[in-house]
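Structure, as structure tokens:
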Amino acid sequence: MAQICEDARKRDKATPLPSRQGSDYEAPPCRVDNEGSCSPLIGVPPPVVDDLSGAALSAEGRKRVFTSQSFTPGTGLPSKRSKTTPNAASGQPELSHDGSCHPSEIVVLYEPPSKLTFTTLYKQLRGVDEEEQYSRRHFSAALHVLLDMGPCASDLVWRRALSDLDASVSQAYNEDDEHAKEYVALFEIREIIKNWEYTMPNLDPSSRGLNVTPKFLKLVHILQSCRPHEDSFRGIVFVRRRAVALVMSELLRLLDITGLRPQVLVGKDIHTDFLSQNEIFHDFETGTYNLIITTKWAEDLEIPPASVVVRYDLFDSQLSYANCRARTRGRGSHLLHMIQRGYDSHRHRLLQLTRFDEVTQTWMNSTVQNSGSAIQPVAIVDSHDPYLSDSEDEDDSVQFIKDPTTGGHIRIQDATGIIHRFAANISSGETASRHVTPLFRFESVLTSQTSQPSFICTVTLPPGPHVPPVTGLPSVSKAHARRTACFQMCKELSERGLLDPRLFPRPPLQISYPKRVPDVCHTLDHTGEDSFKTSLSQPSGNRKQSGLHSYPRKKPEFWTNVVALKSAILYPTVISVRDQEQYGPLILLTRAPLPHMSSLKLFDSGFPIGINLKQGASFAVDAERLHDLYLYTIRIYRSIVNKPLVCTLEEMPHFLAPLRTSWLGFNRKQASRWVIDEIVDDIPWDQVKLAAHKWVTELSAENLESSLEDAIIQDRWIEYTRRYYFIKVRRDLTPLSKPVDSPREAKYGSFLEYCKERRKGFEGLRDCNQPLIEVDRVLPVLNRLNPASKTPPNPTKHPAKYLIPELCALFTIPASTFRTALLLPSVMRRIDDMLLVTELNATLFDHSINEPQLHAAISAPSACAEFDYERLELLGDAYLKYLSSIYLFVTNPSQHEGALHSARLRIISNRALFFNAENAGLAPYIQAKPLVPKQWCPPNYTVIPPPPPKAQENELVTRVDRDGAERETGVDASDIQDVKQEEKDRVSPDLWFKIGLGPSEPDAHQVAADSVETRESAAHGGFSAEPGQGDIDGVPIKGAAKPNTEKLTSKKSKKDDQNVQWLGDKAIADVAEAIIGAAYITGGSETALNASKALRIAVPSIDQWSDFARKALAPPPDVTTRLRPGTVEAIEEIMGHKFNRPHLLAQALTHASIQGFEMTCYQRLEFLGDAILDFLVIRHIYGRDATLSPGALTLLKGAMVSNQTLGAICVEVGLHEHLMFESFDLASKIRAYTENLKRKRNAEYESAKEEGRAPGQYWIDTIPPKALSDVVESVIGAIFISDNFSPEGAQSFFDKILKPFYDKHITLRTLSHHPTKTLFEVFQAHGCQQFEVTREYESTEDFSSGTLCNVVIHDVILASAGGPSAVYAAKRAAVYALDAIEGDPDFITRTCDCRAKTQAKKANKKALKQMLASLQDQSEDQQPMKKTSIVADGDEDDMVTEKGDTKNSRECSPT
């Protein structure tokens, strides 16, 4: 963990902020536009152009825009060019695909629009369809066009939608009466649009009737300045959405710009649009059209070269950037990037795309020049959210590849980019460097469909995945051929399970976000900032008060998606237990590949069990084998939960199968990630078929030892009963032997006598001299995720130790396989968690956070897992304080410390974090419920209710108490008749017989159950049947699996409760902080900043860490106090770092008592330094004490940043000598404190030496003047700003001064003079309630007479120490205990289960309340009052009457 934090710190250090020379803030380089305003070059290669004149550019202006200055891509530096630009490597001009030089690239700034008003037409249509139910796509298009182009264009969306609305009206008219409301609404919408008077576009910026956005107006100016009437002009405009492209083309025609002939190019199905596209390309080349408006969909198509290419919307891919450059003519052509003024996100995106190394530059040149395209040796800069071109309104019929984990889609237009990224990931390996084959290879072919030659493309991947080359379909162009081939390769990779979810574009958000709706003035704010900013002062209406709220528990989308596939191809994931031979491997078979998962850790009585997950090669199964797997899977799950689970074959999410240990995959120690071994031939299909159709077989008396090897035995021929592991054959014992060491039969003379007495229907044995079988009971399913979980004690009623073979049956699943199967609830819960983590990472965080860290961040302590969010929450909380403090310091240069503190609370308070995280949709992903084995059920499975019982008047039901006493409970016949009738309505008798769960007569092999099994069987519905009756093929289980809701209210409530979870507002806020902490560990400050933005933390205008330095305003040197000579050198010597701006040090050392410098005293820097110090301290102890509990970390952090500690450090290093103030009282206090501190320091060091311990906090009882602690923090803040908001100098100060002091004086052992208090605080932080310090007055080795103290936790002595007095001995024992905890941090987790017991007690009370409420509802309908039997989860019954009187009642066991 220390290394993790160190890596995160190095990542911050490895990306330094741009340095500025001198002590004053220097403005970035700029060029002056034609109005005299200054436009920053924003650090990106293209020069910035700004024209707000409202008229077309003159010839001189065109020369300034298009020829005066350009840039060399990849360098980030503007450069003057004449006609060619020498290549840095060769000295030759960089040529594009046609042999000419690269285009000039220019950034064009446009002003952000003011508040855009919803059009009257839009508001009127919304009045008809308030919820946007009937024309959602058109409402969405109108809104996007409004934001991009303005009100005039927004209304044109509806005029274009008339044909679609006509079709919708006709369809609704032909539907039934249920669609009458839809018909009326659509009809009214259509009539409004038909009769509407549309306004013409107004481009006059001085007019009140301006109805276009500044962005579109800027585009018009660009097009006018390009002289579209000239024959040489050809232009391409790339926009983001199809709706914008369609309306833009229409609006430009309405403007009637001289010589401009626009044509739109969009499409949904490239297979049917080849001819129309070629016609457009031909017309564009000949001049019929001279402007093409298209989307990202057409970037890689072979559009004829253009003189001007305009990126109306920026894209997020270097491949997209290369394609746009390839669409230009080279020398004399221009590539324009339009970005919004003041919108840093645009600036950063463009900077990221256009700044690359020489190797990437070479690859991009080859991509432009060569259609074969070399494989990039490094990862391509790309976002996982490159919107899918115009796919926001794609038809569902469009072919795509869906990722079952995240729901992301790869469409054919996205396939080329996916293959580039996949090949780049492979090329990062060593073997790829030797791969010289082009990624794409084209061939010209002749087809019978067209007379023109066609092309086919073959995709060849680098070595590694062992995927053969894939050839696409013949196409009329190379671009289309490449698309089809890439899409076929994506399908091949997906079918092989090689497409990682991170390669898929980000899925559409399924959570409910606040909509962009008009405010009270019916306007829409379009500022370019986060459009989903949450107001802290006005929380959402459904959360009027804070507290505990109910949220649905999100289930992984993976299981829903794989069920819908209906595929006969199965993808195996082998589940094996590491270094445990008694556990046999088990295969999890899914219809789609699970994402790669690391090994899991489970626990057995506190000891870890390693679970390996390894993928095998996919294989196809026929109907017979699929049916066997289906029944085998049901058999496994029924057996481990001992309940009648059912699921239809169509809805089964996964299958299970055994695996031989000879599988080749087990022998590969370090297999390549691309090597996947065949597995189908290593599945014992005979075992699958046997267990699928029979749960037991007859035990053969011959070769008893060999037949019982790796076996499980039942002493009852029923499916739901106790089972036993075979230990050995005891030939020294027979049924006539006296049970000496078997407690169950101890009071009987022999095993045979026990059977005669206890087994109902027992008719004797055929062989009374047969040997006995020694067995051990099979434990029930346990929660193996909780390190504190312990093996359940033996039941009060003794289990069997010896069984008679003649009365037993052989369970058809081997013992080794079944042991692994019992781990499945824990394994599947962990797999579900990881699937949710991948979903969350893709949806909100762009796969930027390490998934194990993110998993811990969303796991609440109440989930009782090996990890939770508490440590990460501490780190995230410190980072948020750090981030928000810097943000407020930068954006509020004139606010004092108190105002900044109040503003910070509004940003990072628990209330603000809760509302932001809730609006981001985080709550359903939080894992707050522990695994409850008794309630666990696989996805899509249900429990069949009991079969209809025979109606009997006052039927007697036998029950057994813990003490073995039987009693009879009367059950009202009317209740039975009601249940019977309800079940008859749902389940037919032949259905019960067919699924093997109905009543049947026992045959010669069936042995009647005794009273214990009668109770157990009744608890499961009384199911018993002959072996082999478990065939459930073809049964419509779905309609028959609903329990009686009135009779089983309590159980239904418990089941439903598993689908929801109650979360406190603070818990959600803590998870948000923990996620930010996980992001910081993953990628440092930048990744944590992005995660904060994703969780809607209110830090607008900050998109990268460098924005702080760009926006900061430091006071000039002439407004700060003058330092004494030698002060700067002395401070630099103390901290080991040089000040770039010494006047900031003067501000840091200036006390508010100096008159005239109140505004430049250290208070603002102290506010900033306090947050920086907190973050540095937390990061230090997080890495130093990697396994310490959050409570202990909080104790350490509080001690390290306290005023007493910082005051002592200030005096220790001599900073107090340089503090500048004008107060006699402060001077006397500092002098007195310094003298007192030195005396106490000397005394503590002498005492520690005598006692053989480390020196403690000698300063703890001495209160320093606050100015001493403040100056330490202000100096840290000054260093931080002096280094352009880089943590390098502050970290150097921490490493040289603070870290050695902390490591020497502040640990758990030296935390205070009262280690006993510290120890108890550590225990309480873990939730432990059972601990004490015991005292024994006796002689010890060190003292002839004295006291021996023991620190005891859960009856385990953690540490002992003696001393002459009880106080001294207790203090030493506590020090030793703290030392032991530091050496073995997992000790408390293994020993203490208080937290789990507390949660179980709460669940106990809740279950009891639900049960009593259910009984009260039932008793209201029962006259006269009768006793009702309740079968609980334990071994005895609760007798509850209407009045609440109880007999032999006990508290319900937790569910």
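Positions are given from 1, in the same order as the sequence printed here.
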message = Working note: Lys601 + Glu866, criterion side-chain contact (heavy atoms from CB on, under 4.5 Å); need CA distance, chi angles, decisive distance, verdict.
response = CA-CA 9 Å; Lys601 184 190 292 186; Glu866 62 175 306; 3.5 Å; yes

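- A 4.5 Å side-chain heavy-atom check between Arg784 and Phe603 finds every atom pair outside the cut-off.
- Residue Cys768 comes nearest to Pro735 through the heavy atom pair O-CD, 3.3 Å, listed as atom of the first residue, atom of the second, then distance.
- Using a 4.5 Å heavy-atom threshold, the side chains of Trp936 and Ser826 count as separate.
- Every pair passing salt bridge (charged side-chain N to carboxylate O under 4.0 Å, His left out) that includes a residue from residues 823-833 is listed here, sequence neighbours excluded: Arg829-Asp833, Arg830-Asp833.
- Other residues, nucleotides and ligands contribute more than 12 heavy atoms inside 6.0 Å of the CG atom of Asp686.
- Here the straight-line distance linking atom CG of Leu810 with atom CD of Glu698 works out to 10.5 Å at 0.5 Å rounding.
- Here the two rings, on Phe811 and Phe818, have centers that are under 6.0 Å apart.
- Contact between Tyr632 and Ala657 at its shortest, heavy atoms only, is CE2-CA, 3.9 Å.
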task = Apply side-chain contact (heavy atoms from CB on, under 4.5 Å) to Arg625 and Lys689, showing your working.
result = CA-CA 8 Å; Arg625 281 190 170 180; Lys689 182 175 287 292; over 6 Å; no

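- If you take OG on Ser816 and CD on Glu581, they are separated by 11.0 Å, rounding to the nearest 0.5 Å.
- Put simply, the side chain of Pro653 does not reach to within 4.5 Å of the side chain of Thr590, judged on heavy atoms.
- Checked against the 6.0 Å centroid threshold, Tyr637 and Tyr941 count as a close aromatic pair.
- Ser706 and Glu709 are not linked by any side-chain donor-acceptor pair at a separation below 3.5 angstrom, with hydrogens and angles left out of the test.
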inquiry  = Assess the residue pair Leu602 and Leu823 against the criterion (side-chain contact (heavy atoms from CB on, under 4.5 Å)); give the C-alpha distance rounded to whole Å, side-chain angles, the decisive distance to 0.1 Å, and a yes or no.
reply    = CA-CA 9 Å; Leu602 305 182; Leu823 303 177; 4.1 Å; yes

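- Around the CG atom of Asp741, the shell of radius 6.0 Å holds more than 12 heavy atoms that belong to other residues, nucleotides or ligands.
- Counting heavy atoms from C-beta on, the side chains of Glu705 and Arg731 come closer than 4.5 Å.
- Shortest non-hydrogen contact noted between Thr942 and Cys937 is N-SG, 4.5 Å.
- Geometric assessment of Arg819 against the ring of Tyr725 yields a positive cation-pi assignment under the 6.0 Å and 45° thresholds.
- Checked by atom type and distance alone, the side chain of Ser742 never pairs as donor or acceptor with a backbone atom of Pro739 at under 3.5 Å.
- Residues Arg777 and Arg723 form no side-chain contact, since every pair of their non-hydrogen atoms from C-beta on lies 4.5 Å or further apart.
- Here the straight-line distance linking atom CG of Leu785 with atom CG of Leu931 works out to 5.5 Å at 0.5 Å rounding.
- Residues Tyr802 and Phe751 place their aromatic rings such that the two centres sit under 6.0 Å apart.
- Asp776 contributes atom CG, which lies 12.5 Å from atom NZ of Lys728 (distance to the nearest 0.5 angstrom).
- Between Tyr724 atom OH and Ile773 atom CD1 the span is 12.5 Å, to the nearest 0.5 Å.
- At distances below 3.5 Å, at least one donor-acceptor pair connects side-chain atoms of Gln770 with backbone N or O atoms of Asp767.
- At least one donor-acceptor pair under 3.5 Å links the side chain of Thr820 to the backbone N or O of Gly584.
- Annotation: the span from Glu757 atom CD to Tyr748 atom OH amounts to 5.0 Å, rounded to 0.5 Å.
- With respect to Lys738 and Glu745, no salt bridge is recorded, no charged nitrogen being found less than 4.0 Å from a carboxylate O.
- Asn940 and Glu651 get closest at one heavy-atom pair: ND2-O, 2.7 Å.
- In terms of modelled atom types and a separation under 3.5 Å, the side chain of Arg638 and the main chain of Lys643 share no donor-acceptor contact.
- Under 3.5 Å, the side chains of Asn769 and Thr734 contain no donor-acceptor pair of N or O atoms.
- Residue pairs meeting the ring pair (Phe, Tyr, Trp, His ring centres under 6.0 Å) criterion with at least one partner in residues 756-780, sequence neighbours excluded, are absent.
- Looking at every heavy atom in both residues, Pro805 comes nearest to Leu699 through O-CD2, 3.8 Å.
- Using a 4.5 Å cut-off on side-chain heavy atoms (C-beta onward), Leu586 and Leu659 make no contact.
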request  = Given side-chain contact (heavy atoms from CB on, under 4.5 Å), test Thr633 with Leu656 step by step and report yes or no.
outcome  = CA-CA 5 Å; Thr633 305; Leu656 299 171; 4.0 Å; yes

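- Taking 4.5 Å as the limit, every side-chain heavy atom of Lys747 sits out of range of all side-chain heavy atoms of Tyr754.
- Within the 3.5 Å criterion, the main-chain N or O of Ile813 finds no donor-acceptor partner in the side chain of Thr817.
- Residues Ser599 and Leu613 have side chains not in contact (no heavy-atom distance under 4.5 Å, counting atoms from C-beta outward).
- A 6.0 Å sphere centred on CD1 of Ile727 holds more than 12 heavy atoms belonging to other residues, nucleotides or ligands.
- Of all heavy-atom pairs between Trp717 and Leu807, the closest is NE1-O, 4.5 Å.
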